[in-house]
Amino acid sequence: MKHRIVVLGAGYAGAFTAGNLARRLSPEDTEITMVNAEPVFVERLRLHQVAAGQEIEAPKLTDVFAGTGVRLRLARVTAVAPDRQVVTVADADGRGELGYDTLVYALGSHVADQGVPGVAEHAFDVAGRASALRLGEHLDSLDKRGEGGNVVVVGDGLTGIETATELAESRPGLSVALVARGELGARLSAGARDHLRRACGRLGITVVEHTSVEAVEVTRVLCADGTVLPSDATVWTAGFAVHPIAAASGLEVTETGRIVVDRTMRSVSHPSVYAAGDSAYAVGDNGRPLPMSCASAGSTGRQAAEAIVGRLTGRKVATVKQVYLGNHISLGRRDGILQMVDAEARAKPKYMGGRKAARIKAGILKIALWGVSHPTFGVPKRQLPLTAAPNAPVEGRVAA
Ligand SMILES: Cc1cc2nc3c(=O)[nH]c(=O)nc-3n(C[C@H](O)[C@H](O)[C@H](O)COP(=O)(O)OP(=O)(O)OC[C@H]3O[C@@H](n4cnc5c(N)ncnc54)[C@H](O)[C@@H]3O)c2cc1C
């Protein structure tokens, strides 16, 4: 019997972790299975570009994992039973169970409707590939009508800013409004806020500030102060939520359902489970929770891989830095903002804006995609043997 490692979710966190483990652990002792719902890697960082109608590469997971030794299982995860150490999956052939000895939970996140009436029924989002494509098709149909149309983007976090600017630049026939609960770009430095405001002006975006949305209807958005915004397409970018699978499983989770992990990304309630990326509630080196982000997915995934390799092969667990340095925000294809943050996660006064920032952001996107598409690149091929019996109960395991 081999030690069975099952990785859930081939996103920025999971794909890297699976490739890294396959490279470093002996295939004689371990069997690594990657479970993912979609057959391609979804480059979430570019889904606003997908909605804007741009062609975005989506590498096939069979290519990504070819030759790595990782077994790919295309299926939707529907449940995890950490006390029995099994995962329930569903695919076109029905339901099945996968047993594991070590689990890496990296199912990412999806849009959060924040309980606002009408969002689930009438709003679009860019949090997943299918929903971004659906928004793109709807905007195509508005564009084709040739009568213009109103797009309301709700939420001025990074995703809302990137979405509003991208849509306004790529689809100039549409009128785009961006709704902010407070001041536009409140978490940016003063200079970056001014830059953002100028970019919105240049792109013809109507900025609606200090406004909370109370309901979304088919053709309008209703705000708490009585403002009514006409909308042919409402795009909800007011936050991300994690899948309820973790909370339902009995794993210790936060109020919002993220898995609580220790410094090594191991579940604090079930030691055979690790979590990484958006699904994990991990505390950074500054003592603050890491934000849901591509950078955090990378560093938490690397830490989970280090911890698993270390523990299974009897080595010291290496520490991977968990620091969040800042935000790289695209404002369409020709403008951007790089805003670094301090140790308290506050925006530093300096920022970089303009074409150079846009080019750096484009470079970061390329590197992130390349890294995920080559999950074993740069990882020394060690193929370490396990020191414990392959199916020995994990140290400190919570009794079923
Ligand atoms: C439009 C947009 C722009 C963004 N821009 C930035 C940015 O500029 N910088 C930044 O740092 N972050 C950005 N983010 C956030 C970033 O994309 C996420 O933080 C990151 O993707 C998290 O990585 P992950 O591996 O945890 O999850 P994901 O990348 O979401 O991967 C999760 C994987 O799990 C799979 N999956 C989910 N549920 C199931 C299931 N039930 N069964 C099987 N498989 C499943 C999914 O198909 C996916 O492959 C952006 C997000 C969006 C939507």
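No hydrogens, no waters, no symmetry mates; every other heavy atom, side chains included, goes into these values. In listed order, ligands and their atoms are each counted from 1.
- With distances taken over non-hydrogen atoms, the option nearest atom 8 (O) of ligand 1 out of E162, K361, R76 is K361.
- For atom 31 (O) of ligand 1, the closest non-hydrogen atom of the protein is G11 CA, 3.1 Å.
- Residues V221 and V179 are not in side-chain contact: their nearest non-hydrogen atoms beyond the backbone lie 4.5 Å or more apart.
- When only interatomic distances are considered, the shortest N/O to N/O separation between V35 and ligand 1 does not fall below 3.5 Å.
- Partner of D335 under the salt bridge (charged side-chain N to carboxylate O under 4.0 Å, His left out) criterion, out of R355, R202, R359: R202 alone.
- Of the polar atoms of S279, none of the N or O atoms is found under 3.5 Å from an N or O of ligand 1, judged by distance alone.
- Contacts between F41 and ligand 1 below 4.0 angstrom, taking non-hydrogen atoms only, are absent altogether.
- Inclusion of L47 in the set of residues having an N or O under 3.5 Å from an N or O of ligand 1 is not warranted.
- Atom 34 (O) of ligand 1 has as its closest protein heavy atom G9 CA, 3.3 Å.
- Dense packing is recorded around CZ of R333, with more than 12 heavy atoms of other residues, nucleotides or ligands lying under 6.0 Å away.
- Closest to atom 41 (N) of ligand 1, if we only count protein heavy atoms, is V77 O, 3.1 Å.
- Ligand-side atoms of ligand 1 in range of V126: 1 (C), 53 (C), range being under 4.0 angstrom from any heavy atom.
- By the 4.5 Å heavy-atom criterion applied to side chains, I308 and I5 are counted as neighbours.
- If you look at A75 next to ligand 1, the close heavy atoms, those under 4.0 Å, all belong to the backbone.
- Relative orientation of the F124 and H138 rings is parallel, given thresholds of 30° and 60° on the angle between their planes.
- By the 3.5 Å distance cut-off applied to N or O atoms, I245 is not counted among the residues near ligand 1.
- The option with the heavy atom closest to atom 27 (O) of ligand 1, from among G157, A79, A132, G108, is G108.
- Salt bridge R24/E306: present, at least one basic N to carboxylate O contact under 4.0 Å.
- Between the side chains of N327 and Y324, at least one donor-acceptor pair of N or O atoms lies under 3.5 Å.
- Ion pairing between R46 and E162 fails under the 4.0 Å rule for side-chain N and carboxylate O.
- Among I337, L45, I364, L158, the one residue that satisfies the side chain to side chain contact (heavy atoms under 4.5 Å, CB included) test with H328 is I364.
- When non-hydrogen atoms are compared, ligand 1 lies under 4.0 Å from the backbone of A106 (N, CA, C, O) but not from its side chain.
- Geometrically, ligand 1 and E38 share no nitrogen or oxygen pair separated by less than 3.5 Å.
- Checking only distances, R46 never comes within under 3.5 Å of ligand 1, N or O to N or O.
- If you look at A297 next to ligand 1, the close heavy atoms, those under 4.0 Å, all belong to the side chain.
- If you check which protein heavy atom lies closest to atom 21 (O) of ligand 1, you get Y12 CD1, 3.2 Å.
- When L107, V42, N36, I161 are checked for heavy-atom proximity to atom 39 (C) of ligand 1, L107 turns out nearest.
- Salt-bridge annotation for K2 and D29: absent, with no side-chain N of the basic residue lying under 4.0 Å from a carboxylate O of the acidic one.
- Heavy-atom proximity to A127, at under 4.0 Å, picks out these atoms of ligand 1: 53 (C).
- Against a heavy-atom cut-off of under 4.0 Å, H48 is close to the following atoms of ligand 1: 1 (C).
- A ring-centre distance under 6.0 Å is not found for Y105 and Y100.
- Atom numbering of ligand 1 starts at 1 in the shown order; those under 4.0 Å from a heavy atom of S293 are 11 (O), 12 (N), 19 (O).
- Which parts of ligand 1 touch C294 is read off a 4.0 Å heavy-atom cut-off, strictly below it: atoms 10 (C), 11 (O), 12 (N), 19 (O).
- With no hydrogens or angles considered, a side-chain donor-acceptor pair links S109 and R44 at under 3.5 Å.
- Between E344 and R346, none of the side-chain N atoms (NZ, or NE/NH1/NH2) sits under 4.0 Å from a carboxylate O, so this pair counts as no salt bridge.
- The single protein non-hydrogen atom nearest to atom 44 (N) of ligand 1 is A37 N, 3.1 Å, given as residue, atom name and distance.
- For the pair R193 and Y351, the NZ or CZ position fails the cation-pi test of under 6.0 Å to the six-membered ring centre and within 45 degrees of the ring normal.
- In the vicinity of G277, heavy-atom distances shorter than 4.0 Å reach the ligand 1 atoms 26 (O).
- Which of V87, L45, V40 comes nearest to atom 9 (N) of ligand 1 through a heavy atom is settled by distance: it is L45.
- For A10, every heavy-atom contact with ligand 1 shorter than 4.0 Å involves the backbone, none the side chain.
- For atom 52 (C) of ligand 1, the nearest non-hydrogen atom of the protein is R44 O, 3.4 Å.
- In the model, Q54 has a side-chain atom that pairs as donor or acceptor with a side-chain atom of E166 under 3.5 Å.
- For T159, every heavy-atom contact with ligand 1 shorter than 4.0 Å involves the side chain, none the backbone.
- Evaluated by nearest non-hydrogen atom to atom 18 (C) of ligand 1, the leading choice among T78, V7, D278 is D278.
- Within ligand 1, the atoms closer than 4.0 Å to a non-hydrogen atom of A13 are 25 (O), numbered from 1 in the order shown.
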Next on the checklist: Please evaluate residues T254 and V260 with respect to the criterion side-chain contact (heavy atoms from CB on, under 4.5 Å), reporting the C-alpha separation (whole Å), side-chain torsions for both, the decisive distance (0.1 Å), and the verdict.
Outcome noted: CA-CA 6 Å; T254 61; V260 182; 3.9 Å; yes
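- Within 6.0 Å of atom CZ in R263, more than 12 heavy atoms from other residues, nucleotides or ligands are found, so the atom counts as buried in its surroundings.
- Below 4.0 Å from some heavy atom of H328 lie the following atoms of ligand 1, by number and element: 8 (O).
- Counting heavy atoms from C-beta outward, V89 and V87 have side chains that approach closer than 4.5 Å.
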